[in-house]
Amino acid sequence: MDKLAIAGGARLDGTVRISGAKNAALPILAAALLTEEPVVIGNVPHLRDVTTTIELLGRMGVEATVHEGMRLEVDAARVTECYAPYDLVRTMRASILVLGPLLGRFGHADVSLPGGCAIGARPVDLHVAGLRAMGAQVVIEDGYIRAQARRLRGAHIVLEQVTVTGTENLMMAAVLADGQTILENAAREPEVIDLAKFLNTIGARVSGAGTNTIVIEGVERLHGGEYNVLPDRIETGTFLVAGAITGGRVRAEGTRPEDIEAVLGKLREAGAGIKTGPDWVELDMQGRRPRAVDISTAPYPGFPTDMQAQFCALNAVAEGVAAVTENVFENRYMHVSELQRMGAVIKLQGHTAIIHGVERLTAAPVMATDLRASAGLVLAGLVADGETVVDRIYHIDRGYECIEEKLQQLGGRIRRLV
Ligand code: EPZ
């Protein structure tokens with residue numbers, strides 16, 4: 001099992017190219033199921049979750065051709081089965097995103113329940129409730145969601161809780177439904193907007209994405225098209241924190257500063273100098289130690305839960321005391337015990353971690369538990385005395401493209417142990 005070894009102490013200084021967003025590529029790949037004409041999707045990150053999605057689509061009879069630069073041509077003209085098996089879904093919860101498209105185009109779908117993961121139970125009850133409101137018969141048995149609908153009909157759905165993939169699933173289900181669907185209390189993430197733009201590129205009629213009310217006018221059929229996935233705002237934030245935690249300078253290129261305003265605000269509060277351009281962000285800490293910053297996660301445009309672990313690492317070595325509150329997931333502090341093993345002074349009180357910054361962390365063998373926790377441990381390793389070895393980094397490979405190469409380019413002393 002691969003591990004990452006990080007020698008602490010290097011101050012990062014350089015430029016990093018940001019990859020396409022995992023959490024936009026996954027729903028857009030699933031949305032290709034909605035049309036019988038081929039689509040071409042560009043700027044797709046080369047990640048484990050993407051290859052898992054391609055394998056899942058392949059088992060249904062979808063043909064995916066990888067062109068140079070990870071441009072994917074996806075052809076769902078000959079779908080042979082509407083089935084997402086447990087052995088694949090359990091490795092990637094986002095597989096649930098095939099449910100809406102399969103039901104919307106083919107009228108039936110058998111999709112394994114994703115099951116929980118390290119950060120929480122991750123139920124999909126809101127996805128199912130929305131599909132039922134659109135006229136689907138949904139039975140949950142033997143660990144599978146078995147859904148049927150001669151043709152979904154438009155509905156006015158008020159989501160009880162903001163859910164990103166729930167919003168995406170229902171939006172995709174609605175594009176071929178009979179009539180108008182209104183999704184209220186919809187997620188406003190940039191990845192939701194990207195999916196809506198892709199859907200409209202292939203002939204859907206989606207409006208309001210990015211606000212909390214999305215309106216979808218059902219159409220009879222969709223056509224082909226080409227679309228480039230937006231840059232990954234969480235990868236951007238992660239590398240900026242890498243610059244901040246080491247007191248260095250990092251310029252992220254091929255990204256969108258407007259997608260991470262909440263994160264940039266907190267980095268400024270931590271004492272970082274931030275400059276932005278149309279497609280780049282530059283952070284310069286000028287050798288200073290970061291100041292502690294309080295964090296409270298929330299759905300977009302609030303502070304992203306996917307950046308919480310990275311800011312726990314930053315606060316672990318910051319000047320002062322910080323309160324980090326996780327409001328989105330019920331168990332997203334698996335990184336805390338690992339950071340404590342590196343000398344971090346953190347006290348968990350319910351959903352809040354109270355972090356007393358220390359001058360130095362010490363290297364230790366640590367274990368990744370989920371995608372963003374593992375990123376936080378790598379960041380801590382960049383400043384810990386000695387060599388930190390992070391185990392189970394298949395988690396990190398799911399969401400970060402070539403993380404060690406990118407950190408090496410910035411001057412990080414990191415290598416993969418196979
Ligand atoms: C998406 O997960 C992202 N994944 C997550 O990123 C991200 O952390 C999360 O949104 C929040 O921003 C993808 O986009 C593939 P939710 P998702 O539904 O959609 C509860 C990463 O690191 N809920 O917005 O699964 C749920 O338990 C991953 O890239 C229900 O109760 O998250 C949670 O407490 C990790 N019932 C809250 O809503 C439901 O039916 C928000 O979850 C659905 C969700």
Side-chain angles (χ1 to χ4, degrees), residues 19-31 45 47-50 52-53 56 89 91-100 111 113-133 138 140 145 157-173 183 185-195 212 229-230 232-238 259-260 262-263 297-310 326-332 334-335 351 368-376 395-401:
S19 302
K22 167 178 85 78
N23 290 350
L26 301 185
I28 289 172
L29 284 169
L47 299 172
R48 183 190 292 259
D49 276 6
V50 169
T52 303
T53 302
L56 175 63
V89 175
T91 65
M92 186 188 67
R93 304 189 65 269
S95 308
I96 190 71
L97 285 165
V98 302
L99 178 60
V111 176
L113 277 169
C117 73
I119 62 178
R122 310 290 293 277
V124 290
D125 54 313
L126 302 178
H127 300 235
V128 170
L131 293 172
R132 282 178 170 146
V138 183
I140 297 188
I145 301 167
I157 300 166
V158 181
L159 287 161
E160 275 173 41
Q161 184 168 355
V162 174
T163 161
V164 174
T165 49
T167 300
E168 292 166 344
N169 235 338
L170 296 174
M171 184 168 35
M172 291 189 281
L183 294 180
N185 198 24
R188 299 172 51 190
E189 272 68 3
E191 294 76 25
V192 172
I193 301 173
D194 223 36
L195 173 61
N212 52 23
V229 169
L230 90 169
D232 195 315
R233 60 192 170 96
I234 304 302
E235 185 193 23
T236 305
T238 303
D259 288 350
I260 51 167
V263 174
T297 67
Y300 195 89
F303 187 91
T305 173
D306 291 349
M307 285 297 302
Q308 180 255 102
Q310 298 90 318
E326 172 56 55
N327 300 304
V328 176
F329 290 110
E330 68 269 27
N331 185 37
R332 200 168 200 176
M334 304 291 279
H335 44 284
H351 281 234
T369 51
D370 62 271
L371 170 52
R372 307 303 173 183
S374 39
H395 290 292
I396 215 162
D397 292 333
R398 292 186 47 194
Y400 288 91
E401 190 176 39

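Just so it is clear, the structure is predicted and the values come from calculations on it, not from any experiment. Just follow the structure's listing: the first ligand is 1, and inside any ligand the first atom is 1.
- Between Asp306 and Arg233, every side-chain heavy-atom pair lies at or beyond the 4.5 Å cut-off.
- By the ring pair (Phe, Tyr, Trp, His ring centres under 6.0 Å) test, Phe303 pairs with Phe311, sequence neighbours left out.
- Between Gln308 and Arg372, every side-chain heavy-atom pair lies at or beyond the 4.5 Å cut-off.
- In this view, Asp194 satisfies the salt bridge (charged side-chain N to carboxylate O under 4.0 Å, His left out) rule with no residue, not counting sequence neighbours.
- A donor and an acceptor atom, one from each side chain of Tyr400 and Arg48, are nowhere located under 3.5 Å apart.
- The salt bridge (charged side-chain N to carboxylate O under 4.0 Å, His left out) contacts involving residues 20-31 comprise Lys22-Asp49, where partners must be two or more places apart or lie in separate chains.
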Once you restrict both partners to nitrogen or oxygen, which atoms of ligand 1 have a protein partner under 3.5 Å, and how far apart are they?
residue  : atom   : partner : partner atom : Å
ligand 1 : 6 (O)  : Asn23   : ND2          : 3.3
ligand 1 : 6 (O)  : Asp306  : OD2          : 3.2
ligand 1 : 8 (O)  : Asp306  : OD1          : 2.6
ligand 1 : 8 (O)  : Asp306  : OD2          : 3.4
ligand 1 : 8 (O)  : Arg332  : NH1          : 3.4
ligand 1 : 18 (O) : Thr163  : OG1          : 2.7
ligand 1 : 19 (O) : Thr165  : N            : 2.8
ligand 1 : 19 (O) : Thr165  : OG1          : 2.6
ligand 1 : 22 (O) : Arg372  : NE           : 3.0
ligand 1 : 24 (O) : Val164  : N            : 2.8
ligand 1 : 25 (O) : Arg122  : NH2          : 3.1
ligand 1 : 29 (O) : Lys22   : NZ           : 2.9
ligand 1 : 29 (O) : Asn23   : ND2          : 3.0
ligand 1 : 29 (O) : Arg372  : NH2          : 3.1
ligand 1 : 34 (O) : Val328  : O            : 2.6
ligand 1 : 36 (N) : Pro123  : O            : 3.4
ligand 1 : 36 (N) : Asp125  : OD1          : 2.7
ligand 1 : 38 (O) : Gln161  : NE2          : 3.2
ligand 1 : 40 (O) : Pro123  : O            : 3.3
ligand 1 : 40 (O) : Asp125  : N            : 3.1
ligand 1 : 40 (O) : Asp125  : OD1          : 3.3
ligand 1 : 40 (O) : Leu126  : N            : 2.7

